[in-house]
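The structure under discussion appears below in the form of structure tokens.
None of the values given here were measured: they were computed from a predicted structure.
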Amino acid sequence: MDDAPGRILRWNFFIGGHLSTSVPVRLVERTEAGQLVWLETGTPMWRTRLPRRRHLRDIAPHERPAEGYPLVADRWPMGSGLFHQPAGAAHSVLWLFDRRGGFRGWYVNLEHRIHRGDDIDVIDHELDIAVAPDRSWRWKDERSFAEKTGHPAYWTPDEASAIRDEGRAVARLAEAGTFPFDGSWRDFRPPPTWTTPPRPSTPRHPLL
């Protein structure tokens with residue numbers, strides 16, 4: 001696989017087996033320990049067209065169309081982010097930046113990743129951790145995580161326990177101020193030669 005910085009990959013975000021978002025990102029660094037990718041605010045992307053502007057995570061799997069929701073062209077609406085995706089780990093850590101490039105804190109997404117060529121398929125585990133610039137942290141989405149536990153489209157109680165353990169391990173890194181919470185990459189700026197990636201072709205697999 002081409003490990004050249006700037007290579008365009010596709011970050012595909014799945015909730016309960018259904019594609020929610022597909023957005024191009026640029027490879028920053030890839031080593032045996034994992035990879036860093038950059039998501040630029042305003043990047044052209046695909047998202048699911050949902051009824052009454054609901055969020056996919058709030059729609060029970062049995063209420064969704066069997067073939068998945070149709071996709072519509074859009075742009076990434078939030079600030080830019082630098083993703084650390086450690087090899088073999090069930091989480092990623094994002095450095096969050098505002099629209100002026102200021103560092104806002106970290107976000108820990110608990111997830112399962114599948115790499116397919118240039119595609120990074122992310123199966124969301126719902127439970128997340130928000131880490132402030134001073135490294136204080138808090139759980140996010142605990143109630144919805146508990147509600148989804150035991151559903152066949154999500155995770156078993158034993159898997160839920162492992163997901164939470166993964167989060168606790170990352171939180172301990174934040175408390176200790178060790179990588180990725182050691183202050184590195186907080187001033188990251190993409191090279192000026194990196195233009196905003198174009199919208200990719202329509203995702204091939206809206207379902208997992």
Is the [X]-[Y] ring centre distance short of 6.0 angstrom?
{"X": "Phe188", "Y": "Trp95", "result": "no"}
{"X": "Trp139", "Y": "Phe145", "result": "no"}
{"X": "Trp11", "Y": "Phe13", "result": "yes"}

Q: Test side chain to side chain contact (heavy atoms under 4.5 Å, CB included) on His84 and Phe179 and set out the steps.
A: CA-CA 10 Å; His84 171 53; Phe179 184 81; 3.6 Å; yes

Q. Taking all non-hydrogen atoms of both residues, which atom of Arg54 and which atom of Leu50 are closest, and how far apart?
A. O-CD1, 2.8 Å

Q) For Trp137 and Glu175, which heavy atoms make the closest approach, and how far apart are they? A) NE1-OE2, 3.0 Å

Donor-acceptor check, side chain of [X] to backbone of [Y], threshold 3.5 angstrom: yes or no?
{"X": "Arg135", "Y": "Ala176", "answer": "no"}
{"X": "Arg113", "Y": "His91", "answer": "yes"}
{"X": "Thr31", "Y": "Ala33", "answer": "yes"}

Q) Any Lys/Arg nitrogen of Asp3 or Arg30 sitting under 4.0 Å from an Asp/Glu carboxylate oxygen of the other? A)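 So Asp3 pairs with Arg30 through a salt bridge.
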
Q. Do Glu142 and Arg164 sit within salt-bridge range, that is, some charged N less than 4.0 Å from a carboxylate O?
A.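 Arg164 and Glu142: salt-bridged.
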
Q) When hydrophobic residues are tied together by side-chain contacts of less than 4.5 Å, even through go-betweens, does Trp155 share a cluster with Ile123? A) no

(Q) I'd like to know whether CG of Asp134 has more than 12 heavy-atom contacts from other residues, nucleotides or ligands below 6.0 angstrom. (A)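 Enclosed.
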
Q: Please step through side chain to side chain contact (heavy atoms under 4.5 Å, CB included) for the pair Arg7 and Asp118, ending with a clear verdict.
A: CA-CA 9 Å; Arg7 180 181 180 87; Asp118 288 341; 2.8 Å; yes

